[in-house]
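Reading through the structure tokens given below for one structure.
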Amino acid sequence: MIDPQLLRDNPELLKDSARRRGEDEHVIDELLAVDQRKRAAQTHYDELRAQQKILSKQIGPLQGRSRKDPTNEDVRAQLDELMLTAGVLAEQVKAADAQTGSLTSALKALWLQVSNVVDPRSPVGGEEDFVVVSTHGTPRDFTTEGFTPRDHLELGGLLGAIDVERAAKVSGSRFFYLTGIGALLELALLNMAIAQATRYGFIPVVPPVLVNSPAMEGTGFLGQAAENVYRLDADDAYLVGTAEVPLAAMHADEILDAEALPMRYVGWSTCFRREAGSHGKDTRGIIRVHQFDKVEMFVFTTPDEADAEHKRLLAWEQEFMDALEIPYRVIDVATGDLGSSAARKFDIEAWIPTQGTYREVTSTSNTTQFQARRLGIRTRKDGAPAPIATLNGTLCAMPRMIVAILENHQQVDGSIYVPEALRGYLGQDVLAVRP
RNA sequence: GGAGGGAUGGCCGAGCGGCCGAAGGCGACGGUCUUGAAAACCGUUGAGGCGGUACCCCCGUCUCCGUGGGUUCAAAUCCCACUCCCUCCGCCA
């Protein structure tokens, strides 16, 4: 949600943002109109209600007098008249209440359709209109090395690390088993990621992955993204697509101590994604799957600090990539591909040799006040409640990081070079092919 | 799954259907006192909407006592449903 004051003061800003995202700007006009009607209705209700309170307060004492002196016709008459007026007023109050009630829900429904205001620096356009911020490391030249690289699935087979065929038997397409060294690799990455994050003061969290609708809605995943969310109908619950959801919602409806900011959490969770609308995309291997584990950084900070924190999150993501010695580039994601919550987003794309291109492995978003407002998370500034900003960033999405490691660090015999930083966590310096 | 108890302000905890946004205590903040601190004493101390001046202060008004309905001129207080928490029993981990 966006500051409602911004809507009234500067609706053009919201419209401009919607245009940049390629979203319907008409909603803003509608919002403006309903907002005004709602406020008028509210005022009307308030006035009626104030009158009602005044009348109601007179009834009590009058009833007292009437009881003490039942023969007094005058008091009796006054009371009857008062009750009559109050009765009429009560009807009006009820009607006015219903009116504001329906306008309030209409307003809320409209607000839920509005995405965050984009950062003016975000490149305008669709998915392909990103801007490359920087490139790091050099992709290997397998031609010079004299062999054709195997893709991660083939390597996973040789290593006994990945099994998608049996996963298909058990769960369907887009599922996988990590077995043997594959499972160990995930655990090593997990420990390495958590170690890095805690070194920088992040509080490690293992969150719930089954959440209720306020949590899902508050983080902005029930809008356009809803089709990618698993919903458990019988329980009105949702499986999260990222730890961002339970981490953000953890402090819902709280006023956070300003002294404690920034509050940095690193969550480890399983993530579930329906991948609706991506039929035929990345059907091979474990690049796009319905279920995977991920280590996610999440920060609550002041709006002033959000931009600087965003850069820090990116730097921490890069540090992790650097440590794994994977060539990558950083892109500034275009407005049409931000998702409803983010004002600005950087993706890190790892080089994937067998695809001859860079593919997203991690991502960091500045969601400014958008999620915090929806979730009712605030801080206190000069004694008064003040808005807060939230940010998130992937430290390590397991399947894609495993893909990047296997493919980039493969050797001619199918074994895998283990980057030095990972060795301590894995306990070996090469992943050997199964005999 | 069965039986019972509970949900009130940062925390604890009172609250005959009207005088309750809510006693009292704790905590926090400000002040008096003190060389300083503690103690004692005095005072302040929830959030949100709308309006007056459309930044803040201030003032007015409405809303909020787990959530949603209902009864009533009037609901923290009565009724119904739901959610969550606690205790006990059973079952599964």
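Lettering of chains follows the sequences in order, A, B, ..., and the numbering in each one begins at 1.
- With hydrogens and angles ignored, the 3.5 Å screen pairs no side-chain donor or acceptor of Arg273(A) with any backbone N or O of Asn228(A).
- Remark: rA81(B) base-pairs with rU67(B). Criterion, Watson-Crick or G-U wobble with two distances under 3.5 Å.
- Toward the 5′ end of RNA chain B lies the nearest nucleotide of Glu47(A), the other residue of the pair Glu47(A) and Ile59(A) mapping further downstream.
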* Between protein and nucleotides 50-59 of chain B, map the contacts as a letter string: B base, S sugar-phosphate only, - none, heavy atoms under 4.0 Å, written 5' to 3'. => SS--------

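- Residues forming a side chain to side chain contact (heavy atoms under 4.5 Å, CB included) with Gln52(A) (at least two apart in sequence, or on another chain): Arg49(A), Ser56(A), Leu89(A), Ala90(A), Val93(A).
- An OP1 or OP2 oxygen of rG46(B) is reached within less than 4.0 angstrom by no side-chain nitrogen or oxygen of Arg380(A).
- Rounded to whole Å, the separation between the C1' atoms of rG66(B) and rU77(B) comes to 16 Å.
- As rounded to the nearest Å, rC65(B) and rA47(B) have C1' atoms that lie 13 Å from one another.
- Contact between the side-chain N/O atoms of Lys94(A) and the OP1/OP2 oxygens of rA74(B) is not found at any separation under 4.0 Å.
- Of all nucleotides present, only rU44(B) satisfies the Watson-Crick or G-U wobble test against rA28(B), with each distance under 3.5 Å.
- In this structure, the CE atom of Met1(A) is 14 Å from the P atom of rG48(B), given to the nearest Å.
- Side-chain contact of Asp347(A) with Ser363(A): a donor-acceptor pair under 3.5 Å is present, judged by distance alone.
- Residues Ala86(A) and Arg49(A) each lie close to RNA chain B; by heavy-atom proximity, the contact nearer the 5' end of the strand is made by Arg49(A).
- Nucleotide rU87(B) is matched to rA3(B) when pairs are restricted to Watson-Crick or G-U wobble geometry with both distances under 3.5 angstrom.
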